[in-house]
Amino acid sequence: MTLYGLMQERPLLIADLLRYAATYHGDRQVATRTVEGPMHSYGYAEAEQRSKKLVNVLNKLGVEDSDRVGTLAWSTYRHFELFYAASGMGAVLHTTNPRLFDEQIIYIINHAEDKVLFIDLTFIPIVERIAPKLTSVKFFVAMTDRAHMPDSSLDLLCYEDLLSDASADYEWPEFDERKASSLCYTSGTTGNPKGVLYSHRSTVIHAMAAARNGAFGISPYDALMPIAPMYHANAWSLPYVAPMCGAKLVLPGPGMDGESIQDIIEREGVTFTCAVPTIFTTLFQYLEKTGKRIDSLKRAMIGGSAVPRAMSDKLLDTYGVQVLQIWGMTELSPLGTLSTSTPRVDQLPEAERLDILSRQGRAQYGLEIKVVGPDGAEVPRDGQTSGDLWVRGPWVSRGYFREEREVVDADGWFNTGDVVAIDGYGYIKITDRSKDVIKSGGEWISSIDLENLAIAHPKVHMAAVVGVFHPKWEERPLMIVLPKEGVTVSEDEILSFMDGKVAKWWLPDAVVIVDEIPMTATGKYKKTEIRDIYRNHLVERLEKLA
Ligand code: ADP
C-alpha cells in the first residue's frame with residue numbers, strides 16, 4: 001500500500017503573496033510614475049487594503065468566479081491592485097498589449113470574453129475606436145481620479161470614485177490552486193494571438209523559482225523595477241516576486257524613454273530591473289548625451305531577444321551593472337533559462353567564461369529542457385549542433401485558452417519553436433526562431449549571431465538579418481542596418497567590420513542602410529515584414545550586375 005506523507009496541502013494562492021507583504025513588509029513601498037504625471041508611493045499594507053476594496057467593486061460590477069477582468073494599462077499601482085484583486089477573488093486577470101493593432105486587440109478581448117475593461121488614460125482613444133466591435137464588455141473603467149476624467153464617447157466609470165465608495169472589508173477566499181489566475185496572449189506574429197492561461201499554482205511556483213538565489217536572487221533590500229510591462233508576460237513575474245520577497249516595487253508607468261528611466265532609477269534607488277534589449281539601446285543614448293548615471297542599479301535581467309555582447313559589456317564596464325540574460329516565452333510564465341554562473345564556469349579562463357555567460361543561460365530547478373535533432377534524438381552537448389528546444393515543467397503551458405488541441409507531446413514536452421545549441425555546461429545558445437533560420441545551400445546561418453556582431457560597430461544603432469531568396473543557394477542572409485542618430489555608415493564599412501569574425505560564407509550578401517526597422521509590439525524585429533520587403537532584393541541585385 002502506498003504510504004502518503006502527512007504534511008499539509010495548503011493551496012498556493014496569489015493573494016497570499018500580498019497578504020504576506022502587507023503583514024511583514026507593510027511599509028515597504030510600491031512607487032509609481034503615474035499616467036497623470038507625478039510620482040505616487042504607498043506601502044504593501046495600503047496596497048492590500050485598496051485591493052480588497054477593488055474586489056468589492058468588481059463584485060458590484062457583476063464579476064463572478066472565473067470571469068475575465070481585462071486591462072489595457074501601463075505598469076502602475078492601480079494595475080498592481082488589479083493583479084491581486086482579480087486573481088485573488090477567483091476571477092481571471094487578462095492583460096492586453098495596447099501596442100497591438102486595433103484588429104488584434106478586438107480579437108483578443110472578444111476571444112477572452114472580458115466582462116469589465118480597465119483602461120489607462122493613454123489608451124482611451126483606442127477603446128473609443130474599437131468599442132462598437134467589443135462583444136462581451138459590460139463596463140469600461142478609466143484608471144484615474146475624478147479630476148482627470150476625460151471627455152469621452154464611452155460611458156466611463158472612474159476608478160478612484162468606485163474605490164472610495166467601496167469597503168475594505170473582505171477576506172481572501174481559499175480555493176483550488178489549479179484555478180486559472182491570469183490570461184496573457186502571445187503576439188501571434190503568424191496566425192491569431194494565442195491565450196496562455198496561468199494558474200495560481202503555476203504563478204506562485206514560478207515566482208518562487210525566479211526569486212531564489214542562483215536565479216534573480218531577490219532580498220528585502222532590493223528595489224525591483226520591471227521595465228518589461230505588466231501586459232507582457234506579467235512583467236516577467238516581478239509584481240509577484242517583489243511582495244513575496246518584501247522588496248520595494250518600482251513601476252515606471254508610461255515613462256519608457258531614456259530620460260524617464262534614468263530619473264526613476266536614481267530617484268527610487270532601483271537595484272534590479274528587467275527589459276528587452278531595445279530599452280537599453282534607448283537608455284544608453286540618453287546617458288551618453290547627458291553624462292548621467294544609473295549608480296543604484298546593480299543587476300539587469302534582459303531577454304525577449306538576444307542580448308548583444310556589446311550591450312552587456314557596456315553595462316558592466318561603464319555602469320557597473322551585471323547582466324542576467326533570460327530566455328523565456330509567454331508560455332513559460334516566462335522564465336526558461338538564465339545566464340547565471342556556476343563555480344565550474346567561474347574557474348574557466350576569463351574569455352571563455354564571458355563567452356559562456358553571454359549565451360541564453362541554463363535551466364533552473366523545476367524546468368527540464370532538451371534539444372532534439374531532425375532524427376528525434378537529443379543532440380550532443382557540444383555547443384555546436386543545433387536542434388529544436390523542448391521544455392517541460394510546472395510553469396509551462398499545456399494548451400491555449402479556448403483551443404481544443406493540447407500543445408504538448410505524449411510525455412508532456414512543449415516545443416518552443418526555438419533552434420538552439422547546448423554546451424557541456426548546460427548553457428543554451430539560440431540560433432534562431434525556427435521560422436527565421438537561414439538555410440544557405442543546406443547549411444544553417446544564425447541571424448542572431450550576425451546581428452550581435454553588427455551592433456558592436458560604433459556607428460550601428462540596430463541591425464536585423466533575414467534569409468531571402470537566392471537563385472543558387474536557395475537563401476542567403478540580408479542585413480538591414482539602422483545607423484546611430486546623426487551618423488552615416490556604408491555597406492562596405494559593415495562588411496569589412498564583420499570580415500574575419502565569422503565564417504566567410506556567413507557574411508550577408510547585402511547590407512541595406514535604412515532609417516527604420518519594423519518592430520513587433522514586444523520589441524522584436526518583425527522578420528516576416530522585413531522578408532516581404534526584401535524578398536527580391538538579391539535577385540534584382542544579381543540582375544543589375546549581370
Ligand atoms: P512575443 O514577444 O512574440 O509575444 P514571447 O515574449 O513569448 O512572445 O517571445 C518568446 C520568444 O522570444 C522566444 O521563443 C525566443 O524566440 C525569443 N527570445 C526570448 N528571450 C530570448 C533571448 N534571450 N535571446 C533570443 N531570443 C529570445
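Quantities reported herein were computed from a predicted structural model and do not represent experimental measurements. Just so you know, ligand 1 is whichever comes first in the structure, and atom 1 is the first atom listed for that ligand.
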Q) Is M329 touching ligand 1 with its side chain, its backbone, both, or neither, if touching means heavy atoms under 4.0 Å apart? A)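 Within the 4.0 Å criterion, M329 contacts ligand 1 through backbone and side-chain atoms alike.
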Q) If hydrogens are left out, which of G304, A233, A228 has an atom nearest to atom 18 (N) of ligand 1, that is, the closest non-hydrogen atom? A)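 Answer by nearest heavy atom: G304.
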**Q.** Nearest neighbour of atom 16 (O) of ligand 1 from the list T330, D432, D418, I430, on a heavy-atom basis
**A.** D418
What about [X]: any of its N or O atoms under 3.5 Å from an N or O on ligand 1?
| X | result |
| --- | --- |
| T416 | no |
| I302 | no |
| T186 | no |

Q. Ignoring hydrogens and geometry, is there a side-chain-to-backbone donor-acceptor pair from Q325 to S339 under 3.5 Å?
A.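 No; judged by distance alone, with no hydrogens or angles, the pair does not exist.
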Q) Is the backbone of T431 close enough, under 3.5 Å, to the side chain of S446 for a donor and an acceptor to pair up by distance? A)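 Present.
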Q. For ligand 1, which atoms sit closer than 4.0 Å to a heavy atom of T522?
A. 1 (P), 2 (O), 4 (O)
Q: Could you tell me which atoms of ligand 1, counted from 1 in the order shown, lie closer than 4.0 angstrom to a heavy atom of Q325?
A: 22 (C), 23 (N), 24 (N)
Q | Heavy atom of I326, distance to ligand 1 below 4.0 Å | A | yes
**Q.** Contact with ligand 1 for G328, non-hydrogen, under 4.0 angstrom
**A.** yes
Q: Kindly indicate whether the side chain of M256, heavy atoms from C-beta on, has any atom under 4.5 Å from the side chain of I227.
A: yes
Q: May I ask you to test the E475-F469 pair for a side-chain heavy-atom distance under 4.5 Å?
A: no
Q | Ring geometry between H470 and W473 (parallel below 30°, tilted from 30 to 60°, perpendicular above 60°) | A |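 The rings of W473 and H470 sit tilted, inter-plane angle from 30° to 60°.
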Q.
For H206 and W395, take the angle between the two ring planes, folded into 0 to 90°, and tell me which bin it lands in: parallel under 30, tilted 30 to 60, perpendicular over 60.
A.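 If you compare the ring of H206 with that of W395, the planes turn out perpendicular.
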Q. Would the number of heavy atoms belonging to other residues, nucleotides or ligands and lying under 6.0 Å from CZ of R129 be above 12?
A.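 Yes.
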